[in-house]
2 protein chains.
Amino acid sequence: MENPELDKIRDEFTEIAGQLGVRLGLSRTVGQLYALLFLSDEPLCLDYMVERLKVSKGSVSTNIRELEKWGGVKKVWVKGSRKDFYEANPDTLKIVINRFKGGIQERVNEMSGGIDKFEKALSKIENSLSVEEKKKAQFYKEKFRKVKKMQTLINTFLKIIPKKIFL
Amino acid sequence: MENPELDKIRDEFTEIAGQLGVRLGLSRTVGQLYALLFLSDEPLCLDYMVERLKVSKGSVSTNIRELEKWGGVKKVWVKGSRKDFYEANPDTLKIVINRFKGGIQERVNEMSGGIDKFEKALSKIENSLSVEEKKKAQFYKEKFRKVKKMQTLINTFLKIIPKKIFL
DNA sequence: TAGAACGTTTAGAATGTTCTAAACAAAGTA
DNA sequence: TACTTTGTTTAGAACATTCTAAACGTTCTA
């Protein structure tokens with residue numbers, strides 16, 4: 001069952017996936033958990049993952065749910081066992097894209113939300129400003145418009161990414 | 001020159017940009033520096049940014065060069081001053097995209113590089129494997145092919161992002 | 001009902017990141 | 001040459017993140 005060569009390959013793959021996880025703003029362990037399940041032909045239980053990754057039970061418990069939140073794994077029921085088993089969502093690319101969308105897009109939109117506020121604030125005080133300050137306020141408004149335009153572009157662009165991709 | 005209302009708006013904008021910086025895998029200060037320059041109609045020197053952001057000179061020095069590395073700012077020469085002045089690259093979206101490309105894409109490609117190695121390693125030991133192990137090796141190969149396919153898709157996709165975007 | 005089997009929560013340890021302050025290097029000025 | 005201005009480097013402080021170990025709660029079993 002356990003071949004050291006095969007295990008080494010699996011472990012190295014898992015390690016690289018961990019780094020990808022970090023790059024996506026998740027933790028290393030989240031990436032590793034996904035890789036482990038991705039390379040398994042059957043659902044795995046918490047204890048097995050603890051043993052394989054040599055991390056604590058608490059860490060697996062927390063991280064596997066983080067992974068679940070992002071659609072990376074789902075809990076499956078295994079006949080005859082009380083344990084929780086998980087299996088990988090095979091649509092890896094979709095997970096990566098989801099994560100990206102939820103990250104950048106959210107921030108950019110948040111920025112645009114703030115900008116509406118700023119624009120209102122500017123309009124409100126505009127009258128009380130000196131000529132010099134009015135110029136500055138006008139300058140800010142232009143810049144803010146650029147950010148909003150960027151947000152529109154990003155949102156439009158993300159929409160064209162297909163919902164389902166078959167590998 | 002200094003209007004508290006206008007300054008407050010600039011500072012809040014700067015703060016949000018800092019969070020976007022973190023999301024992009026850069027530091028908060030990098031994001032803040034860009035925002036400061038983005039909202040300025042003239043190049044700024046290191047000392048001014050220190051004063052504005054209330055961070056140390058060393059931090060601005062390090063972070064502004066990180067920002068420069070990603071094409072976020074460029075050094076400009078200001079007549080009659082020995083100081084280094086910087087101005088923002090106005091093409092914000094391009095910077096965000098560059099950063100994204102250099103991040104995810106690089107990792108995914110690195111993964112694919114590793115996979116070539118794994119596939120070779122598998123082929124090499126294939127003969128010495130039991131029937132059971134052979135099945136496992138075959139299973140891994142399939143999975144690896146999927147990752148490579150994903151990499152191809154991501155690369156293709158990133159290529160269609162226009163090089164230059166006008167806001 | 002007592003105990004075992006599991007997963008979750010949490011306090012604090014380990015680790016990693018980013019900052020500051022100070023020393024430093026380089027280059028201009030007097 | 002001595003002094004000033006300016007940016008860079010770096011050791012260690014401050015902070016944030018992620019882990020571990022242990023306590024805990026729940027559910028099942030005997």
Side-chain angles (χ1 to χ4, degrees), chain A residues 14-15 17-37 43-70 72-87 99 103 107, chain B residues 14-15 17-37 43-70 72-87 99 103 107:
Chain A
T14 302
E15 179 49 35
Q19 291 166 26
L20 182 61
V22 172
R23 167 61 58 212
L24 288 168
L26 302 162
S27 74
R28 185 182 119 140
T29 309
V30 169
Q32 290 183 323
L33 284 170
Y34 181 77
L36 203 56
L37 289 159
L44 305 178
C45 70
L46 196 142
D47 284 338
Y48 179 87
M49 297 187 264
V50 165
E51 174 57 29
R52 210 67 287 164
L53 257 38
K54 302 290 181 213
V55 291
S56 71
K57 198 158 63 115
S59 181
V60 172
S61 172
T62 305
N63 283 302
I64 198 81
R65 272 173 299 143
E66 178 70 11
L67 186 52
E68 198 176 17
K69 211 172 77 187
W70 285 101
V73 294
K74 68 173 185 213
K75 226 179 255 192
V76 294
W77 181 71
V78 169
K79 199 160 66 177
S81 174
R82 297 209 272 123
K83 295 186 181 181
D84 288 352
F85 283 80
Y86 291 89
E87 67 182 17
R99 178 64 197 165
R107 274 290 173 238
Chain B
T14 302
E15 179 49 37
Q19 291 166 26
L20 182 60
V22 172
R23 168 60 57 211
L24 288 169
L26 301 164
S27 74
R28 187 183 117 141
T29 309
V30 168
Q32 289 183 321
L33 284 170
Y34 181 78
L36 203 56
L37 289 159
L44 305 178
C45 70
L46 194 143
D47 283 340
Y48 180 88
M49 297 187 266
V50 165
E51 173 56 29
R52 216 52 303 156
L53 256 38
K54 303 286 182 218
V55 291
S56 71
K57 200 159 58 112
S59 181
V60 172
S61 172
T62 305
N63 284 302
I64 200 79
R65 273 174 298 145
E66 178 72 11
L67 187 50
E68 200 177 15
K69 210 173 76 186
W70 287 100
V73 294
K74 67 170 182 215
K75 229 179 252 191
V76 293
W77 181 70
V78 169
K79 199 161 63 177
S81 175
R82 298 207 272 123
K83 294 186 181 180
D84 289 352
F85 283 80
Y86 290 88
E87 67 181 20
R99 178 65 197 162
R107 275 289 173 239

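Numbers restart at 1 for each chain; the letters A, B, ... are given by sequence-line order, proteins then strands. Keep in mind that the numbers below use all heavy atoms, side chains included, and drop hydrogens, waters and symmetry copies.
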**Item:** Contact nearer the 5' end of DNA chain C, comparing A:Cys45 with B:Ser56
**Value:** A:Cys45
**Request:** Return the 5'-most residue of the pair A:Ser81, A:Arg65 with respect to DNA chain C, ranking by each residue's nearest nucleotide.
**Result:** A:Ser81
**Results of side-chain contact (heavy atoms from CB on, under 4.5 Å) for B:Arg28 - residues two or more places apart only** = B:Glu15, B:Val22, B:Gln32
**Request:** To the nearest Å, give me how far apart CG (A:Leu67) and C1' (C:dG7) are.
**Result:** 17 Å
**Request:** Look at the side-chain N and O atoms of B:Ser59 and state whether any lies under 4.0 Å from the OP1 or OP2 oxygen of C:dT18.
**Result:** no
**Prompt:** How would you give the extent of chain B contacts on DNA chain D, as first and last nucleotide 5' to 3' within a 4.0 Å heavy-atom cut-off?
**Reply:** D:dT5 to D:dT9
**Asked** Rounded to the Å, how far apart are B:Leu26 CG and C:dC19 P?
**Response** 11 Å
**Complete:** Rounded to whole Å, CZ of A:Arg82 lies from P of C:dA5 at a distance of 8 Å
**Message:** I want to confirm an ordering. Mapping A:Lys57 and A:Val30 to their closest nucleotides on DNA chain D, which one lands closer to the 5' end?
**Reply:** A:Val30
**Request:** Round to the nearest Å and state the distance from A:Asp84 atom CG to C:dT8 atom P.
**Result:** 6 Å
**Message:** Output the rounded distance in Å from CG (A:Leu46) to P (C:dT9).
**Reply:** 13 Å
**Request:** Would you kindly give the CD1-to-P distance between A:Ile64 and C:dG7, to the nearest whole Å?
**Result:** 11 Å
**Under-4.0 Å salt bridge between A:Arg65 and A:Glu68** = no
**Message:** At 4.0 Å (heavy atoms only), tell me whether B:Lys75 reaches a base, stays on the sugar-phosphate, or touches nothing.
**Reply:** nothing
**Request:** Specify the separation, in whole Å, of atom CG of A:Asp47 and atom P of C:dA5.
**Result:** 11 Å
**Prompt:** To the nearest angstrom, how far is B:Glu66 atom CD from C:dC19 atom P?
**Reply:** 11 Å
**Message:** Here's a test for you: under side chain to side chain contact (heavy atoms under 4.5 Å, CB included), which of B:Leu67, B:Leu44, B:Leu37 qualifies with B:Tyr86?
**Reply:** B:Leu37
**Request:** May I have the step-by-step check of side chain to side chain contact (heavy atoms under 4.5 Å, CB included) for B:Asp84 and B:Leu46, ending in yes or no?
**Result:** CA-CA 7 Å; B:Asp84 289 352; B:Leu46 194 143; over 6 Å; no
**Side chain proximity check, A:Lys83 to A:Val78, heavy atoms < 4.5 angstrom** = no
**Complete:** From the list B:Val55, B:Thr29, B:Asn63, B:Val60, side chain to side chain contact (heavy atoms under 4.5 Å, CB included) partner of B:Met49 resolves to B:Val60
**Prompt:** Step by step, would you call B:Thr14 with B:Leu53 a side chain to side chain contact (heavy atoms under 4.5 Å, CB included)?
**Reply:** CA-CA 9 Å; B:Thr14 302; B:Leu53 256 38; 4.1 Å; yes
